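Input: a single structure, listed below in structure tokens.
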Amino acid sequence: MSTTLERPEGAAADWTIDQGWDAYTPEEHQTWLTLYDRQASVLPGRAADAFIHGLEALDLRGQGIPDFRRISERLQKLTGWSVVAVPGLVPDDVFFDHLANRRFPAGNFIRAASQLDYLQEPDVFHDVYGHVPMLTDPVFADYMAAYGQGGLRAMGSGQLHQLARLYWYTVEFGLMNTAGGLRIYGAGIVSSRAESIFALEDPSPNRLGFDLERVMRTLYRIDDFQQVYFVINSLDQLLADTLQDFGPLYARLKAAPDLPVDAILPTDRVITRGTQAYAHGKQQAAE
Ligand code: HBI
Ligand code: FE
């Protein structure tokens, strides 16, 4: 969760800034195109149809980093969402308020050409390429707005970390069952070439059927590939599962211990019982 972030110079009360589209350099636009084309070579057959359709509907390759004003015009017509520029991570209450009002806060900076593969802070490629295409799907668009509203209600409950896990294991790292097999819809996966392959094909991670309470108990890692991915049957099911009164759920969660990232419970719907070889290999290397 965000620590006490300082609102940067020039940012509005809701932490939005001007995207500064005219200031992007040719190298920055090229970085966008390089990343876009790398994903175009791995995502067909791996990304969910809703994501692919969103990419096309918004014409996200263009000539480089998109102008948020142009994306917002198209997105507004499709699902009422718009993209607003922020300097980076924003405080939880600010973040939830944007989502609840169908504004997606996207970083306006792009990673250096020397660090194409991974970065901790969400840049414009993670936020706009990874998150925005799914917002063209009406059901997912409703889910994200509902998540924001739920977040605002949960503020001060002391259980925000459990709601953040729901975001993490769906919006960031979610997989979906389809007639054609498992597909990616999570932004953190779909914006990473290596994890797009790892999440679907590597025998190392667990892949478990999505269960709301189970997900909200499960710890997650922010520094490496996930050790577990949760699989929904459809976006409709995801939305339906979260349109319930969270009151009783939070009460049960208060008493329930957190679950380690590699746990498998007898009640889990196991799609892949992972070897965890990747994570164990990284641990040995670190020791
Ligand atoms: N801020 N810009 C930005 N993007 C995020 O994804 C984000 C954030 N602030 C908080 C946050 N995510 C998570 O802690 C949410 O689960 C609340
Ligand atoms: Fe993200």
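Numbering of ligands and ligand atoms starts at 1, following listing order. Here the structure is a predicted model, which is why all the values come from computation and not from measurement.
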message = Between ligand 1 and G88, is the shortest N or O to N or O distance under 3.5 Å?
response = yes
request  = Report yes if some N/O of V90 lies less than 3.5 Å from some N/O of ligand 1; otherwise report no.
outcome  = yes
request  = Looking only at N, O or S atoms, find the one in E172 nearest to the Fe ion (ligand 2) and name it.
outcome  = OE2
query = Looking at H131, which of its N, O or S atoms is the nearest one to the Fe ion (ligand 2)?
reply = NE2
task = Please determine if R214 and D268 form a salt bridge, counting it only when a charged side-chain N lies under 4.0 Å from a carboxylate O.
result = yes
query = Charged N to carboxylate O below 4.0 Å: is that the case for E121 and R111?
reply = no
request  = Heavy-atom contacts with L89 under 4.0 Å: which atoms of ligand 1 show up? List them by number with element.
outcome  = 1 (N), 2 (N), 3 (C), 4 (N), 5 (C), 7 (C), 8 (C)
ask   = Should you measure from each heavy atom of A164, which atoms of ligand 1 turn up under 4.0 Å away?
value = 16 (O)
ask   = Which bit of Y147 is near ligand 1, meaning a heavy atom under 4.0 Å away: side chain, backbone, both or neither?
value = side chain
ask   = Which part of F96 is near ligand 1, with near meaning a heavy atom under 4.0 Å away: side chain, backbone, both or neither?
value = side chain
message = Quick check: is V270 connected to L259 through a chain of hydrophobic side chains (ILVMFWY, heavy atoms under 4.5 Å apart)?
response = no
Could you go through residues 76-89 and list every donor-acceptor pair under 3.5 Å that involves a side-chain atom there, pairing it with any protein atom two or more places apart or in another chain?
from: T79; atom 1: OG1; to: L135; atom 2: O; distance (Å): 2.7
from: W81; atom 1: NE1; to: A141; atom 2: O; distance (Å): 3.2

query = Going through the checks in order, is the ring-ring contact (aromatic ring centres under 6.0 Å, His included) test met by Y167 and F96?
reply = CA-CA 11 Å; Y167 189 88; F96 289 130; 8.1 Å; no
message = Under the rule for side-chain hydrogen bond (donor to acceptor under 3.5 Å, both in side chains), what residues qualify as partners of Y229, not counting sequence neighbours?
response = E195
